[in-house]
Amino acid sequence: MDDRIIEAEAPPSNPPTTREECRQRLAQLQNDITAIRTEIAAADMDRQAGRRRMDARWYHRARTALRHRQREVAEVAALMARLPGRKDALKDLLIEVVRADYDETGWHRVMDEAHRRLDARGAAI
């Protein structure tokens with residue numbers, strides 16, 4: 001029973017700020033979850049082979065560590081869904097490029113037309 005694997009690791013105080021950081025954290029968490037599950041299974045096999053009881057305190061710590069990491073996976077995945085992706089960045093850059101071609105009045109006309117089209121499409125979205 002390897003206590004290093006199950007030691008509860010506090011979530012980072014600074015959450016990921018980019019999709020790439022989220023992907024890296026999710027990969028690490030999935031590795032931790034797999035390691036904890038493997039350790040629990042190995043401990044159970046040892047228990048069965050020796051016809052003895054599993055250390056209840058260790059098992060509780062392992063299950064708690066597993067739950068903490070699963071909760072963090074859900075939190076990081078939710079954060080990742082809220083972060084702007086490549087498509088959003090492209091849209092922002094397109095607006096920046098096209099905006100330079102219009103004066104204030106022309107830009108308002110473009111935005112009004114875009115809003116009108118969005119409202120017309122709203123029932124379909």
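All of these numbers come straight from a predicted model, not from anything done at the bench. We use all heavy atoms of the structure for the numbers below, so side chains are in, but hydrogens, waters and symmetry mates are not.
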With a 4.5 Å cut-off on side-chain heavy-atom distances among I, L, V, M, F, W and Y, is there a chain of contacts connecting Leu66 to Val76?
yes
So how far is it from Leu90 CG to Ile95 CD1, rounded to the nearest 0.5 Å?
10.0 Å
Can you tell me how far the SG atom of Cys22 sits from the CD atom of Glu75, to the nearest 0.5 Å?
11.5 Å
I need the Asp32 CG to Arg37 CZ distance, nearest 0.5 Å.
12.0 Å
Is there a path from Trp58 to Ile36 through hydrophobic residues (I, L, V, M, F, W, Y) whose side chains come within less than 4.5 Å of each other?
yes
Going by side-chain hydrogen bond (donor to acceptor under 3.5 Å, both in side chains), name the residues that satisfy it together with Glu96, two or more places apart in sequence or in a different chain.
none
At their closest point, which heavy atom of Pro16 faces which heavy atom of Leu79, and how far apart are they?
O-CD2, 3.2 Å
Working to the nearest 0.5 angstrom, can you tell me the gap between Asp44 CG and Met54 CE?
4.5 Å
The side-chain hydrogen bond (donor to acceptor under 3.5 Å, both in side chains) partner of Thr64 among Arg67, His68, Arg61 is Arg67
Using a 3.5 Å cut-off and no angle test, enumerate the donor-acceptor pairs between side-chain atoms of residues 104-115 and protein atoms at least two apart in sequence or in another chain.
{"residue": "Glu104", "atom": "OE1", "partner": "Arg99", "partner atom": "NH2", "Å": "2.9"}
{"residue": "Glu104", "atom": "OE2", "partner": "His108", "partner atom": "NE2", "Å": "3.3"}
{"residue": "Glu113", "atom": "OE1", "partner": "Arg116", "partner atom": "NE", "Å": "3.1"}
{"residue": "Glu113", "atom": "OE2", "partner": "Arg116", "partner atom": "NH2", "Å": "2.5"}
{"residue": "Glu113", "atom": "OE2", "partner": "Arg117", "partner atom": "NE", "Å": "2.9"}

Report the distance from atom CD of Gln30 to atom CZ of Arg25, rounding to the nearest 0.5 Å.
11.0 Å
Leu83 backbone acceptor or donor facing Arg19 side chain under 3.5 Å
yes
Is there a donor-acceptor pair closer than 3.5 Å between any side-chain N or O of Glu21 and the backbone N or O of Thr17?
yes
Separation between OG1 of Thr34 and CG of Leu29, rounded to the nearest 0.5 Å
10.5 Å
Quick check: do Arg52 and Asp46 have side-chain heavy atoms less than 4.5 Å from each other?
yes
